[in-house]
Participant: 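Structure below; questions to follow.
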Number of protein chains: 2
Amino acid sequence: MTEPTRPMRRQDIRRENEKAILLAAEKVFAEAGFGGATMQLIADLAGLPKANLHYYFATKEELYRSVVQNIFEIWLQAANCFDAARGPVDGISAYIDAKMEISRRHPDGSKVWASEVMHGAPVLQDYMESTLREWTDGRVEIIGRWIEEGKMDRVDPRHLLYMLWATTQHYADFGHQIETLNGGKSLSDRQWREAKENIKRVILTGIGAQPA
Amino acid sequence: MTEPTRPMRRQDIRRENEKAILLAAEKVFAEAGFGGATMQLIADLAGLPKANLHYYFATKEELYRSVVQNIFEIWLQAANCFDAARGPVDGISAYIDAKMEISRRHPDGSKVWASEVMHGAPVLQDYMESTLREWTDGRVEIIGRWIEEGKMDRVDPRHLLYMLWATTQHYADFGHQIETLNGGKSLSDRQWREAKENIKRVILTGIGAQPA
DNA sequence: CTGAAAGCTGACCATACGGTCAGGATGCAA
DNA sequence: TTGCATCCTGACCGTATGGTCAGCTTTCAG
């Protein structure tokens with residue numbers, strides 16, 4: 001009885017190996033930080049010899065950069081919810097949902113991102129000064145418009161955004177703390193739902209945007 | 001013209017060197033993470049030869065542990081505000097003030113703490129399961145009482161605490177991001193004040209505890 | 001079928017790091 | 001002054017890590 005292992009096409013091989021490496025790297029970088037992560041560990045987790053990693057990613061820095069950029073993409077995508085919305089209730093609700101979903105589904109990525117920023121964003125500085133700034137300015141403007149239209153109280157849009165980022169990402173970055181305080185168990189579906197509802201309710205009420 | 005360099009007493013020497021090392025270590029650990037930090041760098045920053053570090057702190061782990069415990073002390077002290085308060089407005093306001101002050105005065109410590117938790121709290125696990133849990137349970141009870149007394153809305157106390165932690169620590173842990181979005185300048189006195197006021201207002205309003 | 005390009009990898013290297021230690025310098029109590 | 005405990009440090013060591021490379025296997029276009 002032989003393994004089928006149908007011969008992979010070149011394309012597939014490359015794609016699958018890169019995916020496996022990036023996934024393993026995300027986990028290891030999240031758990032150990034850039035300095036604490038080792039190529040050997042990533043290789044083991046990806047099920048590949050170390051030298052093979054260097055075939056796809058020349059250096060540890062390059063691999064790290066790829067991981068961080070991946071996260072940044074996901075992070076930015078959550079923004080779309082914001083734009084389509086007609087008011088703060090819709091927009092902020094959707095954004096909180098999206099970001100909580102990221103915290104739940106990609107906790108490792110979130111941690112890598114947090115780590116990157118905490119260490120002064122050595123890799124992402126340029127992104128932060130261009131893409132992130134533009135994104136933020138755009139959202140600040142939207143929120144400002146909502147205020148002018150009387151759809152919410154006069155709350156500083158920037159600080160409101162920071163609040164949204166902080167509260168949602170906290171559930172990923174400090175997930176271990178939350179689990180410990182939850183009796184060592186990870187949050188259940190219900191608890192995640194409650195967390196989301198709490199955040200939405202407090203913030204929406206707090207900014208004077210009454211839920212419909 | 002000779003340096004006075006009055007001969008230090010033993011006690012003073014020990015105290016001052018330990019202080020210098022801990023300060024340097026806090027900064028280096030915050031900037032590079034545990035894995036990325038090197039004893040040599042810490043030594044240089046403290047102005048001491050590397051071997052001298054090992055005279056005071058046997059291993060890197062031990063030094064790190066000391067740094068983390070220091071922060072934990074400060075972190076817990078901010079809790080006192082909570083107890084003395086007669087209601088959510090006083091208590092939560094004071095707590096936000098205290099935690100924002102920590103974020104501003106000890107950003108490095110805050111980052112080290114965040115990093116420790118993100119990496120699964122290898123050093124502080126026992127503290128989290130004992131001291132932190134007790135502290136949290138106590139505060140949950142206080143908030144629960146406030147709710148029963150009709151001083152605020154029925155908001156899950158735990159998620160409220162997470163929200164407080166997240167929003168305040170965000171200004172330290174993600175300080176670099178905030179500075180970048182602030183045109184590369186660190187927040188001014190006024191901006192810090194605005195941040196605090198925004199957080200207080202949104203949360204206190206959000207939980208239905210009207211400011212006096 | 002064939003040869004060249006892509007994919008793979010064990011063995012190897014240089015370096016940097018945490019930690020050690022022998023022995024010197026310094027303060028301090030008696 | 002003396003003796004001792006504390007403080008200090010340059011030189012050293014073993015190890016782990018990021019990275020290299022020569023040469024192998026596999027895919028696939030022509």
Participant: Do A/W75 and A/W165 make the cut of ring centroids closer than 6.0 angstrom?
Facilitator: yes
Participant: If I take atom CZ in residue A/R14 and atom C1' in nucleotide C/dC8, what distance separates them, rounded to the nearest angstrom?
Facilitator: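 My rounded result for the distance is 12 Å.
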Participant: For the backbone of B/H170 and the side chain of B/D173, can you confirm whether one donor and one acceptor N or O come within less than 3.5 Å of each other?
Facilitator: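 Judged by distance alone, no pair lies under 3.5 Å.
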Participant: Going through the distances and angles, do B/Y64 and B/E116 end up as a side-chain contact (heavy atoms from CB on, under 4.5 Å)?
Facilitator: CA-CA 10 Å; B/Y64 175 73; B/E116 163 71 7; 2.7 Å; yes
Participant: Between B/M128 and A/Q177, is the side-chain contact (heavy atoms from CB on, under 4.5 Å) condition met? List the steps.
Facilitator: CA-CA 7 Å; B/M128 292 201 358; A/Q177 195 178 59; 4.1 Å; yes
Participant: When the distance from NZ of B/K50 to P of C/dG18 is rounded to whole Å, what number comes out?
Facilitator: 7 Å
Participant: Under the ring-ring contact (aromatic ring centres under 6.0 Å, His included) test, which residues partner A/Y55, sequence neighbours left out?
Facilitator: none
Participant: Measure the distance from CZ on B/F34 to C1' on C/dC17 and round it to the nearest whole Å.
Facilitator: 12 Å
Participant: How many Å lie between CG on B/N17 and C1' on C/dG27, as a whole number?
Facilitator: 14 Å
Participant: Give the ring-plane orientation class for A/F82 versus A/W146, where under 30° counts as parallel, over 60° as perpendicular and anything between as tilted.
Facilitator: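 Judged by the thresholds at 30° and 60°, the geometry between A/F82 and A/W146 is parallel.
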Participant: With side-chain contact (heavy atoms from CB on, under 4.5 Å) as the criterion, how do A/Y171 and A/R104 come out once you've worked through the C-alpha distance, each side chain's angles and the decisive distance to 0.1 Å?
Facilitator: CA-CA 8 Å; A/Y171 284 84; A/R104 190 173 189 187; over 6 Å; no
Participant: Name every residue in residues 35-46 of chain B that has at least one heavy atom under 4.0 Å from any atom of DNA chain C, in order of residue number, or write none if there are no such residues.
Facilitator: B/A37, B/T38, B/M39
Participant: Give me the residues of residues 52-69 of chain A where at least one heavy atom lies under 4.0 Å from an atom of DNA chain C, by number, or none.
Facilitator: A/N52, A/Y55, A/Y56
Participant: Check the pair A/Q125, A/E129 against side chain to side chain donor-acceptor pair (under 3.5 Å), reporting the backbone distance first and the verdict last.
Facilitator: CA-CA 6 Å; A/Q125 188 59 38; A/E129 285 173 2; 2.8 Å; yes
